[in-house]
Amino acid sequence: MRLEHLCDMDFTYRRDPLYEAPFQYVVPYGTQEASLYGEGDCVFRGERLSGTARFVNHARRRSDGVNLPSAHGIIRTDDGAFVLFMLDGRTPAAEDGKRRVLCSAFFESDDQRYQWLNSAVCVLEGNLRPGGIASTRIYVCVHELD
């Protein structure tokens with residue numbers, strides 16, 4: 001398999017008066033495990049996919065401190081199409097003061113220009129910064145096994 005750059009994505013959580021934070025953790029069982037809810041905005045920048053987006057993340061935090069993002073959103077591409085996206089993955093505990101995120105990424109569109117994404121498998125890597133801000137890069141997995 002070979003990875004081809006699809007786009008870069010920067011996202012930030014919106015501050016909402018309902019919960020007065022970038023996102024809200026709920027710890028329902030008195031353990032280290034938690035559920036997270038947050039809404040945010042994204043910018044996608046690339047030759048093959050570029051636009052602005054909104055997303056919602058219904059993540060979980062495991063008892064070992066690893067977050068499991070599960071974000072879904074919609075992109076309005078710079079050329080007027082709509083593309084849905086789904087991200088699922090892992091955000092391990094910080095190493096060397098950095099918190100990284102690794103996700104699978106899937107896209108869907110009914111616009112002919114983006115229908116090739118409907119069968120693509122993509123991966124995302126990125127770095128998280130305090131306050132719910134991240135810079136990420138998304139790659140398309142290109143099958144090479146004969």
Side-chain angles (χ1 to χ4, degrees), residues 1-16 18-26 32-146:
M1 178 180 355
R2 181 179 79 251
L3 300 179
E4 290 183 356
H5 180 254
L6 174 62
C7 62
D8 292 341
M9 179 186 78
D10 293 329
F11 73 83
T12 185
Y13 284 95
R14 280 192 244 148
R15 294 207 176 266
D16 190 299
L18 179 64
Y19 41 88
E20 299 178 0
F23 42 81
Q24 182 64 47
Y25 277 105
V26 175
Q32 294 294 319
E33 294 192 17
S35 296
L36 173 145
Y37 178 84
E39 299 173 7
D41 299 296
C42 307
V43 175
F44 288 78
R45 294 179 322 279
E47 295 286 323
R48 299 164 74 187
L49 182 62
S50 185
T52 57
R54 287 219 170 126
F55 72 92
V56 62
N57 187 8
H58 293 271
R60 291 185 321 115
R61 182 181 65 207
R62 294 190 322 209
S63 59
D64 63 356
V66 172
N67 285 341
L68 306 174
S70 182
H72 297 234
I74 186 166
I75 306 164
R76 175 73 183 244
T77 64
D78 289 343
D79 55 8
F82 288 102
V83 179
L84 300 178
F85 67 93
M86 296 141 288
L87 307 172
D88 287 290
R90 305 257 186 292
T91 303
E95 293 180 21
D96 303 325
K98 295 180 182 177
R99 187 139 188 160
R100 295 171 176 86
V101 60
L102 299 167
C103 290
S104 60
F106 295 93
F107 299 89
E108 292 181 330
S109 182
D110 59 3
D111 189 291
Q112 270 191 319
R113 297 168 292 179
Y114 295 96
Q115 284 186 339
W116 66 272
L117 284 168
N118 295 347
S119 58
V121 174
C122 301
V123 293
L124 173 150
E125 67 173 347
N127 294 308
L128 301 177
R129 297 188 302 276
I133 301 168
S135 297
T136 67
R137 181 156 282 172
I138 301 173
Y139 303 92
V140 177
C141 299
V142 178
H143 187 274
E144 290 189 320
L145 187 63
D146 288 328

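Values below: every heavy atom of this structure, side chains too, minus hydrogens, waters and symmetry copies. Model, not experiment: these values are computed from the prediction.
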ask   = SG/C103 to CD/E125 distance, rounded to the nearest 0.5 angstrom?
value = 11.0 Å
inquiry  = What verdict does the ring-ring contact (aromatic ring centres under 6.0 Å, His included) test give for F11 and F44, after you've listed the backbone C-alpha separation in whole Å, the side-chain angles of each residue and the deciding distance to 0.1 Å?
reply    = CA-CA 9 Å; F11 73 83; F44 288 78; 9.8 Å; no
key: Side-chain heavy atoms of P69 within contact of L87, under 4.5 Å   = no
key: E108 CD to Y114 OH distance, which is reported to the nearest 0.5 Å   = 16.0 Å
inquiry  = Working note: H72 + F55, criterion ring-ring contact (aromatic ring centres under 6.0 Å, His included); need CA distance, chi angles, decisive distance, verdict.
reply    = CA-CA 5 Å; H72 297 234; F55 72 92; over 10 Å; no
inquiry  = Test of understanding: with side chain to side chain contact (heavy atoms under 4.5 Å, CB included), list the residues that count as partners of D88, not counting sequence neighbours.
reply    = S70, S104
query = Got a second to check how far M86's CE is from F106's CZ, nearest 0.5 Å?
reply = 8.0 Å
inquiry  = How about CD on E144, more than 12 heavy atoms from neighbouring residues, nucleotides or ligands closer than 6.0 Å, or not?
reply    = yes
key: Value rounded to 0.5 Å, distance of CD in Q24 from CD in E39   = 12.5 Å
message = Side chains of L68 and V66, heavy atoms from C-beta outward: is any pair under 4.5 Å?
response = yes
Side-chain heavy atoms of L6 within contact of L117, under 4.5 Å = yes
inquiry  = Tell me the closest heavy-atom pair linking V140 and A120, and the distance in Å.
reply    = CG1-CB, 4.4 Å
query = If only atom types and distance count, is the side chain of R61 paired as donor or acceptor with the main-chain N or O of Q32 below 3.5 Å?
reply = yes
ask   = When you measure from the side chain of S135 to the backbone N and O of N127, does any donor-acceptor pair fall under 3.5 Å?
value = no
message = Before you tell me yes or no, could you show the steps for D79 and T77 under side chain to side chain donor-acceptor pair (under 3.5 Å), namely the whole-Å CA-CA distance, both residues' side-chain angles and the distance that decides it to 0.1 Å?
response = CA-CA 5 Å; D79 55 8; T77 64; 2.5 Å; yes
ask   = Less than 4.0 Å between a side-chain N and a carboxylate O, is that true for K98 and D96?
value = no
ask   = Would a distance-only check, ignoring hydrogens and angles, find a side-chain to backbone donor-acceptor pair under 3.5 Å from N118 to S109?
value = yes
query = Taking atom CD1 of I75 and atom CG of L84, what is their separation to the nearest 0.5 Å?
reply = 8.5 Å
ask   = Hey, does V101 have a side-chain heavy atom less than 4.5 Å from the side chain of L124?
value = yes
message = So which atom in A34 and which in Y25 form the shortest heavy-atom distance, rounded to 0.1 Å?
response = CB-CD2, 3.8 Å
ask   = Hey, is CZ on R60 packed in by over 12 heavy atoms from elsewhere, all under 6.0 Å?
value = no
task = Please round to the nearest 0.5 Å and tell me the distance separating atom CZ of F85 and atom SG of C122.
result = 12.5 Å
note = Between C141 and V123 the two heavy atoms that sit nearest each other are SG-CG1, 4.0 Å
